[in-house]
Amino acid sequence: MESGTLKRFVPTSAAALGSIRAGLFGFVLVDVLATGFVDLARLPITLMRPTGLMQLFSWSFYEIVLTPRGMLVLKIALVVSLAAASAGFLTSVSTKSAALLFLFYQGLVRSFGHFNHDEMPVVYMLIALAFTPCGDAWSIDSLLHRTRTRLGDVVYGFPILLLRSLLAWSYFSSAVIKMRVTGLEYFNSDNLPTVAILHSLDNLHTTQHRLAFWLPSALEFTAVITFLIVLWELAFPLAIFSKLARRIILPLGIIFHVSTIFFMNISFPYHLAGYLVFVDWPQLVGQLERVPYLSQLGRRLKLSSATR
């Protein structure tokens, strides 16, 4: 794909890639800070069923990690790496260590049997970012002149295209799996109320909303709603290439994920965080600076800081 063609679909500047790095690693940092890692150490190690690469570690290793001190050390290491990566300090090293530690943490949680696809797109995004020049702008490294000379448009544009594709694939594959497993039965009017009520009766969710119990009284609409959701998931890849599609698909995604909180007590914060890759943040900042009130406010702040 030539540079000119790539520019039609994604931003191709170092600043665009750097802002995405800051946003995604920063979001994970906030989530990790709000998570009680020590609580995981209260679970008996005998409940673990390591999967995939997690089987490479010995049980003696897990006996060290799954202790209050071990989990605290893991959290500190993860917080330091994520903070450095989001700030763009020693970016090449910090992004790789943060992605690796976050992958290990997710594998540790899933080894206790709770599988959740919400975090997976962002896990892949962090790994992809770790091998890109995402510290060439919007970073401490760039301020300290530690980054290389700006590279070509393709070097910055292709990673953004990949990040968008990863999130789009998560939605598209979700719809394909539903159709492959259940076929047209998925659009049965009883399906949505049943799933929503089952989740609402689960006591392991952080919220306990009860709107799901209203759905059986609206069976004439539930099949249509289910069909529209699947159609939206199948159409999500269009958001990669079309601004018009993004203006429709992304707001619908926000509505969908907020709705699942109230109807299913399930939230998808990491999927919503992934929407950051569809925004050209440097361009947005430039547009905001042209807003009369905001531009005047910015000049006043600069003047006040200069007179101190």
Side-chain angles (χ1 to χ4, degrees), residues 17-43 45 48 54 57 61-62 64-130 132 134-135 137-143 163 166-167 170 204-208 254 257-258 260-261 265-279 281:
L17 185 61
S19 60
I20 290 173
R21 181 214 74 245
L24 288 179
F25 280 97
F27 175 84
V28 177
L29 173 62
V30 172
D31 184 64
V32 167
L33 286 170
T35 302
F37 276 41
V38 177
D39 293 337
L40 191 62
R42 296 193 175 98
L43 294 173
I45 194 173
M48 283 192 67
M54 299 301 290
F57 298 99
F61 172 77
Y62 287 124
I64 296 173
V65 173
L66 280 171
T67 61
R69 179 177 296 181
M71 293 305 298
L72 181 60
V73 170
L74 174 61
K75 181 171 183 177
I76 292 173
L78 188 51
V79 166
V80 171
S81 295
L82 287 168
S86 59
F89 180 67
L90 298 175
T91 312
S92 180
V93 175
S94 61
T95 51
K96 291 179 178 62
S97 62
L100 182 62
L101 288 171
F102 188 61
L103 177 64
F104 173 77
Y105 166 66
Q106 287 296 319
L108 197 62
V109 174
R110 308 311 158 200
S111 294
F112 285 95
H114 176 69
F115 293 92
N116 182 21
H117 69 283
D118 179 38
E119 293 88 348
M120 288 315 299
V122 172
V123 170
Y124 293 138
M125 289 177 186
L126 298 190
I127 295 173
L129 282 168
T132 67
C134 59
W138 280 46
S139 65
I140 294 176
D141 285 346
S142 62
L143 296 176
L163 299 179
L166 286 171
L167 186 62
S170 177
L204 296 180
H205 296 297
T206 54
T207 57
Q208 291 297 315
I254 295 173
H257 289 307
V258 171
T260 59
I261 296 174
N265 294 287
I266 298 176
S267 60
F268 292 83
Y270 277 85
H271 270 69
L272 286 174
Y275 287 19
L276 293 172
V277 304
F278 286 95
V279 181
W281 294 102

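Please read these numbers as outputs of a predicted model, since none were measured by experiment. Counting begins at 1 with the first residue of the sequence.
Here the CG-CG distance, from Leu101 to Leu82, works out to 8.0 Å after rounding to the nearest 0.5 Å. For the atom pair Ser170 OG and Met120 CE, the distance stands at 9.5 Å (nearest 0.5 Å). Atom-to-atom distance recorded for Ser111:OG and Leu43:CG is 11.5 Å, nearest 0.5 angstrom.
Minimum interatomic distance between Ala85 and Ala98 (heavy atoms only, all atoms of both residues): CB-CB, 4.4 Å. Considering every non-hydrogen atom in both Met54 and Gly107, the closest pair reads CE-C, 3.7 Å. Scanning all heavy atoms of the two residues, the minimum distance from Arg21 to Ser86 falls at NH2-O, 3.1 Å. In this structure, Leu108 and Val65 approach most closely via the heavy-atom pair CD2-CG1, 4.1 Å. Considering all non-hydrogen atoms of both residues, Ser97 and Ser94 come closest at OG-O, 3.0 Å. The minimum heavy-atom distance linking Ala130 with Thr95 is given by the pair CA-OG1, 3.5 Å.
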Before you tell me yes or no, could you show the steps for Val28 and Tyr105 under side chain to side chain contact (heavy atoms under 4.5 Å, CB included), namely the whole-Å CA-CA distance, both residues' side-chain angles and the distance that decides it to 0.1 Å? CA-CA 12 Å; Val28 177; Tyr105 166 66; over 6 Å; no
Please test Phe25 against Leu129 for side chain to side chain contact (heavy atoms under 4.5 Å, CB included), starting from the C-alpha separation and ending with a verdict. CA-CA 10 Å; Phe25 280 97; Leu129 282 168; 4.0 Å; yes
Report the C-alpha distance between Leu276 and Leu24 in whole Å, list the side-chain angles of each, state the deciding distance to 0.1 Å, and finish with yes or no for side chain to side chain contact (heavy atoms under 4.5 Å, CB included). CA-CA 7 Å; Leu276 293 172; Leu24 288 179; 4.1 Å; yes
After noting the C-alpha distance and the side-chain angles of Trp138 and Ile20, does the key distance pass the side chain to side chain contact (heavy atoms under 4.5 Å, CB included) rule? CA-CA 9 Å; Trp138 280 46; Ile20 290 173; over 6 Å; no
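A side-chain contact (heavy atoms from CB on, under 4.5 Å) with Phe37 is found for one member of Leu74, Leu72, Val109 and no other, namely Leu74.
When the side-chain hydrogen bond (donor to acceptor under 3.5 Å, both in side chains) test is applied to Tyr62, no partner is found at least two apart in sequence or on another chain. For Leu33, the side chain to side chain contact (heavy atoms under 4.5 Å, CB included) criterion is met by Leu29, Val79, not counting sequence neighbours. Shown here are the side chain to side chain contact (heavy atoms under 4.5 Å, CB included) partners of Ser92, two or more places apart in sequence or in another chain: Lys96.
For residues 64-80, no pair satisfies side chain to side chain donor-acceptor pair (under 3.5 Å), with sequence neighbours left out. Under the side chain to side chain donor-acceptor pair (under 3.5 Å) criterion, the residue pairs touching residues 31-40 are Asp31-Tyr270, Asp39-Arg42, with sequence neighbours excluded. Sorted by first and then second residue, the pairs that involve residues 114-126 and meet salt bridge (charged side-chain N to carboxylate O under 4.0 Å, His left out), not counting sequence neighbours, are Arg110-Glu119.
Under a 3.5 Å cut-off, the side chain of Ser81 and the backbone N or O of Leu78 do not form any donor-acceptor pair. Judged purely by atom type and a 3.5 angstrom limit, Thr260 uses its side chain to pair as donor or acceptor with the backbone of Ile266.
The number of heavy-atom neighbours closer than 6.0 Å to CZ of Phe278, taken from other residues, nucleotides and ligands shown, is above 12.
Annotation: side chain of Thr91 is in contact with side chain of Cys134 (closest heavy-atom distance under 4.5 Å). Residues Phe27 and Val122 have side chains not in contact (no heavy-atom distance under 4.5 Å, counting atoms from C-beta outward).
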